[in-house]
Amino acid sequence: MTETQKPVFSLFDITKYYLKLGTWGFGGPVALVGYMHRDLVEDKCWLTEEEYKEGLALAQLAPGPLAAQLGIYIGFIGYGILGATLAGLAFVLPSFVMVVLLGMAYKLYGGLAWMQAVFYGVGAAVIGIIAISAYKLTIKSISKLNFEAVKAKWLLWLFYMFGIAITVITQKEEILLFLACGMLYMFIKAPPKWLKKPAVLPAAILMGTGFWKYDDKTLLDIAWFFLKAGAFVFGSGLAIVPFLHGGVVKEFGWLNEHQFVDAVAVAMITPGPVVITAGFIGYLVAGFPGACVAALATFLPCYIFTIALAPSFKKIAKNTSIKAFVDGITASVIGALVGSVVIIGLRSIIDLPTALIAIAAVLALIYIKKMREPYIIGIAAAIGLIIKLL
């Protein structure tokens, strides 16, 4: 719709829709953007195909979780900043409430045998789920695995391999590596005009359950860390995993390896955006204030980028330099995701049963088309209980 056209949906309608999607929308980012196309373009006819594709392109180009960005963009084109804000809040709020409740339960019962047994199975299944997601992201964002495609995109594959190697060796995310890959690919593939005629430097746009137990310094650390994570995640919410692992486990030591895998599992079994795991981690570290700060800091960059770029996006999307910059960053970030799967997998796959659970999760996602992640998590939890308690 143009700026002069009145949207065919009301502000209440779009807010209610995203509240429902945030409550029942299982399946991860790819499934969520698919639901939006089915519901808003095909069924309700609230958006045209062109408007949907423009929103999806913006969500892929700018940093932040894919599905949340698309929802914010759709709210924006209908009702400006107010629409973007309400759509974003409605989409995130249900899963945020769920992860806070799960965080409370985890702190209360995490030490009990049945809770440990559940996450014994779930942790292994999560490795399989992330491995498949990493594979899908690789072939979607870089190229298919055939000789001609790899040859054509050899430089992106090189960035991808660097991302894997650096993450496995250092066991943390390297933001400077991501930026360097983005800049190098841009300079090689689509040098910006200011590079050829550097008259003015461009402005960079880098924008008992412990419920209330926190300290100010920890909250500041949480805010800054999750703000960086939200600003450097491109495409899929699962791409945030290597960022979180490097900071939460290695740098700050807020969680141990098993707790971190459990946090990723919580994101898998709850609806809405995967990066809501930030709220669960924030709760474990600093109670409810930590959950609020972590969630807000994670989603704030994508909100700001979306409402800042949406009005002029058609022009921005045609800029080949920006596309090349994002391509370079994305290749190294996905490599880092694969590296994080290796690191977490080595700590979560501890015996034959966990190895078999992880392999079964991979095979189920490949060969059973209607199998969704929450079902796999539920089955893995039951298997963990049977193995550990019977």
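Side chains are part of it too, since the values below use all heavy atoms of this structure and drop only hydrogens, waters and symmetry mates.
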If I compare all heavy atoms of I222 with all of G290, which pair ends up nearest, and what's the gap? CG2-O, 4.1 Å
Do the side chains of V249 and V275 join up, straight or via other hydrophobic residues, at under 4.5 Å, putting them in one cluster? yes
Distance from L309 atom CG to T306 atom OG1, nearest 0.5 Å? 7.0 Å
Sequence neighbours left out, cut at 3.5 Å: what donor-acceptor pairs do the side chains of residues 73-87 make with other protein atoms?
unit_1, atom_1, unit_2, atom_2, d
Y79, OH, F9, O, 2.6
T85, OG1, I81, O, 2.7
T85, OG1, Y303, OH, 2.6

Over 12 foreign heavy atoms within 6.0 Å of NE2, H258: no
Should V97 and L89 be regarded as members of a common hydrophobic cluster, given that ILVMFWY residues are connected when their side-chain heavy atoms come within less than 4.5 Å of each other, either directly or indirectly? no
Atom OH in Y17, atom OG in S10: separation rounded to 0.5 Å? 14.5 Å
Residues which pass salt bridge (charged side-chain N to carboxylate O under 4.0 Å, His left out) with K151, listed by chain and number, not counting sequence neighbours: none
OG1-NZ distance between T15 and K20, expressed to the nearest 0.5 angstrom: 12.5 Å
Value for OH (Y160) from NZ (K153), rounded to nearest 0.5 Å, stands at 15.5 Å
Working to the nearest 0.5 angstrom, can you tell me the gap between I386 CD1 and Y120 OH? 12.5 Å
Measure across L145 and V150 and return the closest heavy-atom pair with its distance rounded to 0.1 Å. CA-CG2, 4.5 Å
Pick from I366, I359, L365: which one makes a side-chain contact (heavy atoms from CB on, under 4.5 Å) with V362? I366
Given the side-chain rings of Y283 and Y106, with only the six-membered ring counted for Trp, is the space between their centroids under 6.0 Å? no
More than 12 heavy atoms from other groups under 6.0 Å of OH on Y375: no
F91 reachable from L296 in the ILVMFWY side-chain graph, under 4.5 Å edges: no
With hydrophobic residues grouped by side-chain heavy-atom distances under 4.5 Å, do Y52 and Y18 end up in a single group? yes
I357 and G121: which non-hydrogen atoms are nearest, and at how many Å? CG2-O, 3.6 Å
If every non-hydrogen atom of S143 is compared with every non-hydrogen atom of W157, which pair is closest and at what distance? OG-NE1, 2.8 Å
Do I281 and V99 make a side-chain contact, defined as non-hydrogen atoms from C-beta onward lying under 4.5 Å apart? no
Is the backbone N or O of T354 less than 3.5 Å from a side-chain atom of D351, with the two atoms forming a donor-acceptor pair by type? yes
Which pair of non-hydrogen atoms, one from G282 and one from A294, has the smallest distance, and what is that distance? CA-CB, 4.0 Å
Y185: partners by side chain to side chain donor-acceptor pair (under 3.5 Å), with sequence neighbours left out: none
Check: S332 side chain, F159 main-chain N or O, donor-acceptor pair, under 3.5 Å: no
Validation row: I72, F299 side chains within 4.5 angstrom (heavy atoms): no
Closest contact, heavy atoms only, L284 versus G103: CD2-O, 4.1 Å
Look up atom CD in E42 and atom CE in M36, then write down how far apart they are to the nearest 0.5 Å. 14.0 Å
Would you check if F280 and L102 make a side-chain contact, meaning some heavy-atom pair closer than 4.5 Å? yes
Is I164 linked to W154 within one hydrophobic cluster, defined over Ile, Leu, Val, Met, Phe, Trp and Tyr using a side-chain heavy-atom separation of less than 4.5 Å? yes
